[in-house]
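Right, one structure below, let's go through it.
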Amino acid sequence: GPGVDVVSRPGTSPAYHGGTLDMMRPVFQRVIRYAQALGLDMVEGDYEDNGQLELNWMFDRAELTADRLVTYRQICHQVGKELNVTPSFMAKPYTGVMGNGCHHNVSLWKGDQNMCMDQGRRDLHVNDTARYMLGGMLTHGISLAHLDKFSHIGMFSGGNIGAAEIKDMADFRKKVKLLFKRPSVS
């Protein structure tokens, strides 16, 4: 929008430059103010690349976070109208720049214990539980998106397929030959 056009030297990124962050201040301050007024616990943010702000709220249960994402998007669209800027939630709005668009961080907890990392590890690698969780999430989405290629769908403990995820139930019933579930392990 007007007044927030990013200028940087060729071959450099405007990410994390103070002047660029300051130029976007009216946008992120208003988003944060509205979000806090609606109960989002805004925890951090920064300016990433060519007009991209990253604003984060505190994690919570998946269904609460999903509701907050809908609220956050509505806030961003309202602020966009007020300040004549265009919000985008595309996964990767530009190629060749570091910006990552709308993304989600995922974790798995049992009580106060992070199940995605082993105690005592300080590196950024994940354990087998995290790999299985992410693999299951990817398999779930890929299988449902490509019923023409996957005729056997496996559902693991805790997984499910909702009717809303199936675009054509008659086609689903015709193409899916076997639906199996691994018994729950405590």
Side-chain angles (χ1 to χ4, degrees), residues 13 15-16 21 24 28-29 31-49 52-77 79 87-93 97-147 149-150 152-167 172 176 178-186:
S13 169
Y16 310 109
L21 181 62
M24 297 295 286
F28 72 75
Q29 283 183 330
V31 169
I32 290 170
R33 187 171 68 247
Y34 290 2
Q36 288 174 333
L38 291 171
L40 276 75
D41 185 9
M42 304 302 288
V43 294
E44 64 185 7
D46 60 51
Y47 182 84
E48 291 208 342
D49 232 335
Q52 183 179 345
L53 292 170
E54 178 177 321
L55 299 174
N56 304 301
W57 60 88
M58 185 55 79
F59 63 89
D60 208 327
R61 297 184 53 82
E63 69 276 9
L64 296 173
T65 300
D67 286 346
R68 290 176 184 142
L69 176 61
V70 172
T71 301
Y72 178 76
R73 290 173 61 122
Q74 291 172 330
I75 291 167
C76 291
H77 284 291
V79 170
S88 172
F89 298 93
M90 295 173 61
K92 185 74 172 172
V97 295
M98 66 177 280
N100 195 4
C102 187
H103 61 275
H104 308 276
N105 299 319
V106 179
S107 61
L108 180 65
W109 293 80
K110 188 174 188 177
D112 290 337
Q113 183 181 359
N114 181 346
M115 301 303 293
C116 295
M117 57 185 276
D118 297 323
Q119 283 188 321
R121 285 183 72 171
R122 297 188 49 87
D123 57 17
L124 295 177
H125 298 100
V126 295
N127 63 16
D128 286 344
T129 300
R131 284 191 281 278
Y132 293 136
M133 176 187 69
L134 294 171
M137 291 168 60
L138 291 170
T139 300
H140 180 88
I142 291 168
S143 297
L144 288 175
H146 300 284
L147 290 176
K149 296 176 180 69
F150 298 100
H152 296 72
I153 296 177
M155 293 173 20
F156 297 97
S157 177
N160 61 39
I161 296 174
E165 295 178 271
I166 301 168
K167 294 179 182 133
F172 177 82
V176 176
L178 173 68
L179 189 63
F180 62 93
K181 181 176 180 179
R182 185 179 79 174
S184 186
V185 178
S186 298

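What you see below is based on every heavy atom in this structure, not just the backbone, and it leaves out hydrogens, waters and symmetry mates.
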Item to check | Atom CZ of Phe28 with >12 non-hydrogen neighbours under 6.0 angstrom | outcome: yes
Checklist entry - Where do Pro87 and Cys76 come nearest, in terms of heavy atoms and distance? => result CG-O, 3.6 Å
Next on the checklist: So, taking the atom named CG in Asp41 and the one named CZ in Phe59, what distance separates them when rounded to the nearest 0.5 Å?
Outcome noted: 10.0 Å
Item to check | For Glu44, all residues meeting side-chain hydrogen bond (donor to acceptor under 3.5 Å, both in side chains), sequence neighbours excluded | outcome: Asn56
Checklist entry - For Asp112, what residues pass the salt bridge (Lys or Arg N to Asp or Glu O under 4.0 Å) criterion, not counting sequence neighbours? => result none
Checklist entry - If every non-hydrogen atom of Met117 is compared with every non-hydrogen atom of Asn127, which pair is closest and at what distance? => result N-ND2, 3.3 Å
Checklist entry - Listed by chain and number, what are the side chain to side chain contact (heavy atoms under 4.5 Å, CB included) partners of Gln74, not counting sequence neighbours? => result Val70
Item to check | Those residues that, when tested against Met115, pass side chain to side chain contact (heavy atoms under 4.5 Å, CB included) (two or more places apart) | outcome: Leu108, Lys110, Gln113, Thr129
Item to check | With sequence neighbours excluded, residues passing salt bridge (Lys or Arg N to Asp or Glu O under 4.0 Å) with Arg131 | outcome: Asp128
Checklist outcome for this item: So CG of Leu38 and CZ of Arg33: to nearest 0.5 Å the spacing works out to 12.0 Å
Checklist entry - What pairs meet the side-chain hydrogen bond (donor to acceptor under 3.5 Å, both in side chains) rule with one or both residues in residues 64-73, with sequence neighbours excluded? => result Asp60-Arg68
